[in-house]
Amino acid sequence: MKIKYTRLGEIPIIVADNELGLKVYFSCYGASIYAIFFDGKIMTLTPKTSKGFARSDIYFGKTIGAIAGRVKDGKVEINGKTYQMFTNEGKNTLHGGDFCVSKFLFSGKVMNNNETAFSIRYLFKKKKMKDGLPGNVEYIVSYYLSAKENLLLCDMKAIPSEDTLISMTNHSYFCLGDENLNNLLLTIPAKRFVHPNEEDLIMTEERDIIPCLDFNKRKPIMRDIEDPYLVNSKTLGYDHYFVLDDSKKPVILENQHYKLEITSDMEGIVIYSDNYPDECEVVNTKTCKTHRGIALEPEDHPHKLMVTKKGDTYHREIIYKFFKK
Ligand code: G6D
């Protein structure tokens, strides 16, 4: 497998090309996927500059931790004790607050590069209470790019020195070579979702799927985007946690040329359709300011976060498989 070291401004990047059509740009900044090219086309919503990539509010391709999603009032309870996280969205905490691991430089090491796969491992040690949560936490994020098929595995681990809460994801947005979501179709095997409240998008109760959120049968992403449920909510589009069913079927994003299948060992997935107008220069479009790509974030159920015990390993995996039609 061909690899190349490069930089985006001051940000180190390593490019791995499986020579089957899949080329992935990895960065130690937030242990992230900076870009994915497949069949020569850009598959991800990728900022053109290091300034854009360093934006702390869009999380382009970044690893999210300690806690993906929103935490009401930034407060969590661990073993009967309440901890206050840093609030970065009004009174709430989004994606771990100001000390989300997405904002830090990991140390990277190429672990493998042979005829089977390329793998790189990123490490970051979070000091206890730095983010308001107990425990020194060693984050270990590894990526494996197969040389045998167009498959990318994201392996996320975290080992705390004390009991603490961890819920990670990768926050990549996908466009499959298009400049917006207009021609992208989505399939999500989910009959339940978690409703974000109208006031501040905090996840409330789980509900049965409703038509505008029903992607059990392949559907154009933008078909129901003007549905009153979406328009009247604060989300301005899709920004919802889908509880996947037991079928173990992949979430599928596709257009007329490409298909992306995503599977993970997590109970659900957040779908965010890039709803807020943004001026960041991105590779796939010069004109669109919203709906330029869709974030597909496999995540633990927001109401079922489990304490990771001292010395245990929190471990989740996400698999991305690309196909040319
Ligand atoms: C917005 O509500 C959305 C989040 O779900 C997303 O992760 C973020 O933008 C990038 O806050």
Side-chain angles (χ1 to χ4, degrees), residues 29-34 44-47 51-74 85-103 131 154 156 167-175 180-181 186 188 190 193-204 212-213 221 225 229-243 251 253 262 264 266 268-282 284 288-303 305 318:
Y29 184 65
S32 52
I33 299 169
Y34 168 65
T44 47
L45 180 63
T46 292
K51 183 167 174 277
F53 193 47
R55 285 268 301 268
S56 61
D57 57 343
I58 304 190
Y59 307 92
F60 289 116
K62 301 288 191 318
T63 293
I64 303 291
I67 301 178
R70 287 178 169 83
V71 176
K72 184 169 180 50
D73 302 326
M85 297 173 74
F86 293 88
T87 54
N88 61 336
E89 194 176 64
K91 60 184 176 33
N92 301 323
T93 297
L94 172 64
H95 294 332
D98 294 344
F99 293 92
C100 176
V101 296
S102 63
K103 300 176 169 58
D131 54 0
C154 171
M156 301 176 290
S167 166
M168 298 174 70
T169 190
N170 178 279
H171 202 295
S172 288
Y173 298 72
F174 297 92
C175 64
N180 55 41
L181 301 178
L186 196 55
I188 308 173
F193 77 100
V194 180
H195 172 70
N197 78 20
E198 288 72 15
E199 179 212 340
D200 56 9
L201 302 187
I202 288 290
M203 297 290 185
T204 59
C212 69
L213 293 175
I221 293 174
I225 200 89
Y229 168 77
L230 296 175
V231 171
N232 298 334
S233 79
K234 190 175 163 70
T235 59
L236 306 181
Y238 292 103
D239 194 356
H240 296 77
Y241 183 87
F242 290 76
V243 184
V251 170
L253 180 69
I262 296 182
S264 86
M266 292 178 266
I269 188 167
V270 167
I271 308 293
Y272 170 57
S273 52
D274 185 39
N275 303 324
Y276 302 97
D278 183 70
E279 295 300 325
C280 182
E281 275 192 290
V282 291
N284 65 311
C288 298
K289 302 297 178 199
T290 59
H291 306 320
R292 305 161 297 178
I294 187 154
L296 303 172
E297 310 159 40
E299 277 175 32
D300 300 320
H301 195 299
H303 299 328
L305 299 191
I318 305 171

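Given the structure is predicted, the values throughout are model-derived calculations rather than measurements. Numbering starts at 1 and runs along the sequence shown. Ligands are counted one by one from 1 in listed order, and the atoms in each one are counted from 1 as well. Just the heavy atoms: all of them, side chains too, but no hydrogens, waters or symmetry mates, feed the values below.
- In E281, the CD atom is not crowded: 12 or fewer heavy atoms of neighbouring residues, nucleotides or ligands sit closer than 6.0 Å.
- Looking from atom 3 (C) of ligand 1 to the surrounding protein, the closest heavy atom is D239 OD2, 3.0 Å.
- Residue I58 touches ligand 1 through its backbone alone, judged by heavy-atom distances below 4.0 Å.
- Closest to atom 8 (C) of ligand 1 among all protein heavy atoms lies Y272 CE2, 4.1 Å.
- The aromatic rings of Y173 and Y272 sit perpendicular to each other, their planes meeting at more than 60°, with 30° as the lower class boundary.
- For ligand 1, the atoms sitting less than 4.0 Å from at least one non-hydrogen atom of H171 are 6 (C), 7 (O), 10 (C), numbered in the order shown with element in parentheses.
- Among the atoms of R70, some N or O lies under 3.5 angstrom from an N or O of ligand 1.
- At least one side-chain heavy atom of P47 sits under 4.5 Å from a side-chain heavy atom of Y34.
- For ligand 1, the atoms lying closer than 4.0 Å to a non-hydrogen atom of L94 are 11 (O).
- A donor and an acceptor atom, one from each side chain of Y241 and H195, are nowhere located under 3.5 Å apart.
- Distances from ligand 1 to the non-hydrogen atoms of Y173 include at least one value under 4.0 Å.
- Ligand 1 has no N or O atom lying under 3.5 Å from any N or O atom of D57, backbone or side chain.
- Within ligand 1, counting atoms from 1 as listed, the ones closer than 4.0 Å to a heavy atom of L201 are 2 (O).
- Partners of D200 under the salt bridge (charged side-chain N to carboxylate O under 4.0 Å, His left out) rule, at least two apart in sequence or in another chain, are K91.
- Checked by distance only, ligand 1 and Y59 stay at 3.5 Å or farther apart across all their nitrogen or oxygen atoms.
- Between Y229 and H240, the ring-plane angle classifies as tilted under the 30° and 60° cut-offs.
- Residue pairs that meet the side-chain hydrogen bond (donor to acceptor under 3.5 Å, both in side chains) test with at least one member in residues 59-73, sequence neighbours left out, are R70-E89.
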